[in-house]
Amino acid sequence: VFGKDINLILVLSNLSSDRKSVRVDMSASTILYTRRAVREILNAATSVELGPKQGKHIRVKIPYTHYGKYLTTDKRIQVTALCEVMRTHGLKLLVEKTIILEDTNIIIKLPRRVVVNKAVSLEISYANPLPEPVSRCVLLVTLMNQQVKINLARLAPRERSKIYFEFTPRRAGPLQLQVDFSCDKFSHVKGFVTIAVAPA
């Protein structure tokens with residue numbers, strides 16, 4: 001989840017009946033959705049001895065403080081592990097994983113029934129998932145082809161807050177509401193719901 005440390009486990013297994021020495025070079029970078037690297041955030045190497053038919057786990061931790069300020073709005077991190085089996089004329093294995101960090105910031109609560117030409121009040125809650133305060137918080141609400149910009153108070157670390165948003169639907173049928181939350185430390189955290197508007 002965005003704002004938390006990332007914990008990974010690399011599993012190495014020796015399927016042969018011989019002892020193996022493996023060198024593991026690990027790296028991680030924040031990337032764009034095109035897979036273009038933005039900034040390297042991890043570079044580490046280790047060696048592992050594997051007995052016959054033995055498996056071992058290598059734990060890797062990427063703290064939020066290492067990746068937070070280099071993350072793009074795509075919220076993607078590419079992790080690679082180059083595993084080289086020593087004394088085997090350069091036998092290598094490359095393992096890659098793309099991590100897409102999830103947002104759990106926006107929660108939109110609707111009333112049980114929404115009716116044409118009756119005022120509706122929605123609860124929109126938003127959060128700061130980071131271990132540091134954020135300021136210049138802005139909520140952009142898009143509904144019925146109109147955008148409303150709401151300036152919000154700063155949020156303490158891990159704080160959740162909420163506002164109430166009122167509107168009156170003018171026609172029956174599905175209506176999409178989109179919320180976009182930004183602040184000085186991250187931007188474009190989105191949430192949306194489809195509202196079923198009943199006839200009067």
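No hydrogens, no waters, no symmetry mates; every other heavy atom, side chains included, goes into these values.
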Measuring only between side-chain heavy atoms, which start at C-beta, is [X] closer than 4.5 Å to [Y]?
X	Y	result
Leu143	Phe167	yes
Val60	Ile9	no
Leu177	Thr142	no
Ile124	Val141	yes
Leu101	Leu71	yes

Legend entry - Members sharing Leu82's hydrophobic cluster (side chains within less than 4.5 Å):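 Direct or chained contacts put Leu82 with Leu94.
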Legend entry - Remaining members of hydrophobic cluster (4.5 Å side-chain criterion), Tyr33: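 Direct or chained contacts put Tyr33 with none.
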Roughly how far, to the nearest 0.5 Å, is the [atom2] atom of [Y] from the [atom1] atom of [X]?
X	Y	atom1	atom2	value
Thr72	Arg36	OG1	CZ	9.5 Å
Thr80	Gln78	OG1	CD	7.0 Å
Cys83	Lys92	SG	NZ	11.5 Å

Inset, instruction - For Tyr67 and Ile99, run side chain to side chain contact (heavy atoms under 4.5 Å, CB included): C-alpha distance rounded to whole Å, both residues' side-chain angles, the deciding distance at 0.1 Å, then the answer. - result: CA-CA 12 Å; Tyr67 75 79; Ile99 299 164; over 6 Å; no
Legend entry - Set of ring-ring contact (aromatic ring centres under 6.0 Å, His included) partners for Phe165, sequence neighbours left out: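 Phe165: no ring-ring contact (aromatic ring centres under 6.0 Å, His included) contacts found.
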Legend entry - Salt bridge flag under 4.0 Å for residues Glu96 and Arg35: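 Answer for the salt bridge query: yes.
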Legend entry - Whether over 12 other heavy atoms sit under 6.0 Å from Lys56 NZ: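 Yes, enclosed.
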Identify each donor-acceptor pair in which a side-chain atom of residues 38-49 lies under 3.5 Å from a protein atom, sequence neighbours left out, and give them as a table.
residue: Arg39; atom: NH2; partner: Tyr70; partner atom: OH; Å: 3.4
residue: Glu40; atom: OE1; partner: Asn43; partner atom: ND2; Å: 3.4
residue: Glu49; atom: OE1; partner: Ser21; partner atom: OG; Å: 3.2
residue: Glu49; atom: OE2; partner: Ser21; partner atom: OG; Å: 2.3

Legend entry - Pairing residues for Arg136 by the side chain to side chain contact (heavy atoms under 4.5 Å, CB included) criterion, not counting sequence neighbours: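 Expected list: Asp184.
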Inset, instruction - Give the minimum heavy-atom separation between Lys118 and Thr168, together with the two atoms involved. - result: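 Scanning both residues, the minimum pair turns out to be N-CG2, 3.8 Å.
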Inset, instruction - Scan residues 118-147 for pairs that pass ring-ring contact (aromatic ring centres under 6.0 Å, His included), counting only residues two or more places apart or in two chains. - result: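 The answer is Tyr126-Phe181.
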Inset, instruction - Scan side-chain atoms only and decide if Asp18 and Ser16 contain a donor-acceptor pair under the 3.5 Å cut-off. - result: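 No, because no side-chain N or O of Asp18 sits under 3.5 Å from a partner of the opposite role on Ser16.
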